[in-house]
Amino acid sequence: MLNRLIYLDAKLSESLQSQLRQKLVEGILVGSFAAGSKLPSSRKLAQQLNISRNTVVLVYQALLAEGYIESRERSGIFVSEEINRGKVEFVDSDIKYNPKQSDNQRRFKGAIAATNAASCPADWQNYSFPFIDGKFNSSLYPVKEWREAVIKANSTRELYLWGQLKSGEDDPMLLDEIRTKILPRRGIQASRDEILITVGTQQALHLITQLFVDETVEVAVEEPGYPEMRALLEQKKAKLLHQPIDDKGLIVDDRLNDCDIIYTTPSHQTPTSITMSLERRDQLLNKAKEQDCLIIEDDFEFESNFLGHPHPALRSLDTDNRVIYVSCLSKVLASGVQIGFIVADASVITELKKLRKLVLRNPPISNQRTVAHFLAMGHYDAFMMHLHKTFFERWLTLREALNIYLPNCIDTGPIQGGTAYWITGPKQLDGEYLRKKAVEHGILIEPVKRYFALGSSPSNCFRMGVTSIPNEKIREGVRKLAQLIHQLTDEHEEKLSNATGKLLEQQQLEQILPGALLECQMVYGVPCTIELKENGRMIGQTFGNDNEVDTGRWWIENGMYYRKWNLWGYGEMRGFYVIMDGNEMKWFDQNYCFVRTLTYQQSTPE
């Protein structure tokens, strides 16, 4: 009886009609219901499955129309004999599939080494504290708005318009939405013939390297930098110059003189999140003009500038048409939609379109038109405002947590945004071992070795992202990670008992702290001053792209310095033992563990 082969669950969100159709089709295709075999009547099957006869009738009608079953007059319903036409028949059903190991890999002419190990486990969502950049919880996805755009793009009128497009042409509606809605945010003006739609940024970079790169071309790439671009260039046997970066972005000097192409990620450098300064952008454009070379600008994360105004894209500052601009929709949408785009001179776009045609004529027009409506209806702007707010909150929470629990993990200098922090632990820390131990505590952090090409990656560094972890879990995750780091480096850490300098007691604290001006560096690379007023008031100020000021109170009790900010440090009270070593002031917490070093600059009267 079919009720033994077909199980329907009324508790599922999927309708009984849909379940029945799926089970029947599956049974026919795998042979459970053999071709030519008779099926029960609609009345009998309904009785067997204890469902409405109308449900069975509707399913049978659909399967008849689709050719899975056929109705024979006065005989009943049968599985179609045509269903197996075109299938390969096995002569011996007892033969087991057991392919031999092949040595054909040695014949692969285009094979390349893996560009990177997986940055996180496939089941990363099952971990409590996933600090992995580029992974996104489904709660961020604009389901309702995207569904509305899909419905609009798949109307009968829209389907008719798709058929009118020439083969290989991109959707003109999407081209217009990109050039009028997205590109102006970056200061870029472009016509339709200066834009090419791609299947994400990786295809865009692949097409560009196919067009411009071979073994005679020298390409400058950032070090550390984006490993997948490096792999594309290595596959084309390009001569690579691994150009270092500093706190202003890619260093522009005479090492670039012989380069034909310069690849850079100026908005938020991969992987450090440093934003290239305007001065450095001008230097790079001047160098490209002077040396007659091209610039590939990978603007993959242009929408996540949190402090200050975003700098204009290199493409918008380019007066010589030397910059080829690559970007995409938000990475939250990218995994499902895969829409990227290239902006370049029209002649370059024409050649890139020819190359794209060799692989696929164009990204699916249905996807392009859906994205076009998503942009046209204002959903993308609203989505990005929500996403910007969400990631900014997480970014600030992670920044504050790092300042409290890992205040000395400073490396890259000031950053203005992005969705990840580059962390430098104590010099004795083994970052790879830390990553493995952190997994045992439900914490995922990203290793950094894959970003370095020269084999000199710092062993004590790692990355922490905010795209995959809820805001409310960030602080606890950082606290646990800091405890683990302290455990792993305990024997090398300076303790209150062995620290160089002099421990200040109650009376000495009362003499030296009132009116003091302290200087330190925040974890995100900007300087900070703390004024300890004689009346117990405390004023803190940071100096960066977005200066911050907070106030609070301080006091001395039982030989310790206590402070409580109104906003900073989550507004919590904390106490520290103080050691003076020359003009350096060292703080140690109540567990005698080192916290941070400050400069005791001067005393100022009230």
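The shortest heavy-atom contact between G477 and I443 is O-CD1, 3.8 Å. The two atoms that bring C259 and A220 nearest to each other are SG-CB, 3.6 Å, heavy atoms only. In terms of heavy-atom proximity, P458 sits nearest to W422 at CG-CZ2, 4.4 Å. Considering every non-hydrogen atom in both F129 and I469, the closest pair reads CA-CD1, 3.8 Å. The two residues R463 and A420 have their closest heavy-atom pair at NH2-CB, 3.4 Å. Pairing each heavy atom of L207 with each of L355, the nearest pair is O-CD1, 3.7 Å.
Of the inter-residue distances, the one linking E234 atom CD with M229 atom CE reads 11.0 Å to the nearest 0.5 angstrom. Here R394 contributes atom CZ and L396 contributes atom CG; the two are 12.5 Å apart, rounded to the nearest 0.5 Å. Atom CZ of F452 sits about 6.5 Å away from atom SG of C461, to the nearest 0.5 Å. To the nearest 0.5 Å, atom CD1 of residue I296 and atom OG1 of residue T264 are 10.5 Å apart. Residue D318 holds its CG atom at 13.0 Å from CZ of R281, rounded to the nearest 0.5 Å. We find the CG-CD1 distance between L174 and I182 to be 7.5 Å, quoted to the nearest 0.5 Å.
The neighbour count for K236 NZ, taken as heavy atoms of other residues, nucleotides or ligands under 6.0 Å away, is above 12. Other residues, nucleotides and ligands contribute at most 12 non-hydrogen atoms within 6.0 Å of the CD atom of Q189. Atom NZ of K152 has 12 or fewer heavy atoms from other residues, nucleotides or ligands within 6.0 Å. By the neighbour-count criterion of 12 heavy atoms within 6.0 Å, atom OH of Y570 is densely surrounded, having more than that number from other residues, nucleotides or ligands.
We find that E400 and R475 are not joined by a salt bridge, their nearest charged nitrogen and carboxylate oxygen being 4.0 Å or further apart. Comment: E476 does not engage K473 in a salt bridge, judged by the lack of any side-chain N to carboxylate O separation of less than 4.0 angstrom.
Between the N460 side chain and the G431 main chain, no donor and acceptor come within less than 3.5 Å of each other. Not one N or O on the side chain of T275 forms a donor-acceptor pair closer than 3.5 Å with the backbone of H268. In terms of modelled atom types and a separation under 3.5 Å, the side chain of E548 and the main chain of T542 share no donor-acceptor contact. The closest donor-acceptor contact from the side chain of N591 to the backbone of C593 lies at 3.5 Å or more, if one exists at all. Formation of a donor-acceptor pair under 3.5 Å by the D430 side chain with backbone atoms of Y433 is found in this model. Judged by distance alone, the side chain of T209 and the main-chain N or O of L205 form a donor-acceptor pair under 3.5 Å. Side-chain N or O atoms of T370 include none that pairs as donor or acceptor with a backbone N or O of V150 at under 3.5 Å. Judged by distance alone, with hydrogens and angles left aside, the side-chain atoms of K564 form no donor-acceptor pair with the main-chain N or O of R574 at under 3.5 Å. Side chain of T467 to backbone of G134: a donor-acceptor contact under 3.5 angstrom is found.
Using a 3.5 Å distance cut-off with no hydrogens or angles, the side chains of T265 and D298 do not pair a donor with an acceptor. Side-chain contact, D253 with Q243: a donor N or O sits under 3.5 Å from an acceptor N or O. For N321 and D345, the side-chain atoms include at least one donor-acceptor pair closer than 3.5 Å. For the residue pair S267 and R186, a side-chain donor N or O sits within less than 3.5 Å of a side-chain acceptor on the partner. With hydrogens and angles left out, the side-chain atoms of Y263 and R230 include no donor and acceptor closer than 3.5 Å. With no hydrogens or angles considered, no side-chain donor-acceptor pair links E222 and T270 at under 3.5 Å. With 3.5 Å as the limit, one finds a donor-acceptor pair spanning the side chains of T551 and N566. Between D133 and T419, the side chains place a donor N or O and an acceptor N or O closer than 3.5 Å (distance only, hydrogens not considered).
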Margin query: Using side chain to side chain contact (heavy atoms under 4.5 Å, CB included), reason through F341 and I197 one step at a time and then give a plain yes or no.
Written below: CA-CA 4 Å; F341 51 90; I197 307 300; 4.3 Å; yes
Margin query: salt bridge (charged side-chain N to carboxylate O under 4.0 Å, His left out), that's the test. Do E519 and R596 meet it? Break it down for me.
Written below: CA-CA 11 Å; E519 291 184 346; R596 72 159 72 229; over 6 Å; no
Check: Would W587 and F594 satisfy ring pair (Phe, Tyr, Trp, His ring centres under 6.0 Å), going step by step from the backbone distance to the final call?
Finding: CA-CA 6 Å; W587 289 354; F594 175 72; over 10 Å; no
Next item on the list: Could you walk me through whether R192 and D176 pass side chain to side chain contact (heavy atoms under 4.5 Å, CB included), step by step?
Entry: CA-CA 7 Å; R192 283 185 185 177; D176 285 342; 2.7 Å; yes
Note to self: What verdict does the salt bridge (charged side-chain N to carboxylate O under 4.0 Å, His left out) test give for R322 and E297, after you've listed the backbone C-alpha separation in whole Å, the side-chain angles of each residue and the deciding distance to 0.1 Å?
What the structure shows: CA-CA 10 Å; R322 297 182 180 277; E297 178 182 13; over 6 Å; no
Note to self: Checking R563 against W568 for the side chain to side chain contact (heavy atoms under 4.5 Å, CB included) test, could you report, in this order, the C-alpha distance in whole Å, the side-chain angles of both residues, the deciding distance, and whether it holds?
What the structure shows: CA-CA 11 Å; R563 62 105 174 101; W568 293 352; over 6 Å; no
Next item on the list: In sequence, state the C-alpha distance, the side-chain angles, and the governing distance for I262 and L294, and then conclude on side chain to side chain contact (heavy atoms under 4.5 Å, CB included).
Entry: CA-CA 6 Å; I262 302 170; L294 293 175; over 6 Å; no
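A 4.5 Å side-chain heavy-atom check between P271 and V448 finds every atom pair outside the cut-off. Taking the side chain as every heavy atom from C-beta outward, L183 and R315 never approach each other to under 4.5 Å. Side-chain contact between Y421 and W395 is present, with heavy atoms from C-beta onward closer than 4.5 Å. Contact check for I530 versus L598: side-chain heavy atoms found under the 4.5 Å cut-off. In this structure the side chain of P227 reaches within 4.5 angstrom of the side chain of R450, judged on heavy atoms. Put simply, the side chain of T198 reaches to within 4.5 Å of the side chain of I342, judged on heavy atoms. Side chains of R255 and P244 form a contact here, defined as non-hydrogen atoms less than 4.5 Å apart. Contact of the L329 side chain with the V371 side chain is registered, since non-hydrogen atoms from C-beta on lie closer than 4.5 Å.
Ring planes of F374 and W146: perpendicular class, angle over 60° (limits at 30 and 60°). Ring geometry for F392 against H388 counts as tilted: the plane angle lies between 30° and 60°, on a 0 to 90° scale.
Taking S191 as the reference, D193, E194 meet the side chain to side chain donor-acceptor pair (under 3.5 Å) condition, with sequence neighbours excluded. Take E440 and apply the salt bridge (Lys or Arg N to Asp or Glu O under 4.0 Å) test, not counting sequence neighbours, and it matches K437. In this view, E432 and R435 satisfy the salt bridge (Lys or Arg N to Asp or Glu O under 4.0 Å) rule, not counting sequence neighbours.
Considering R356, K353, R369, K357 as possible partners of D170, the one that fulfils the salt bridge (Lys or Arg N to Asp or Glu O under 4.0 Å) test is R356.
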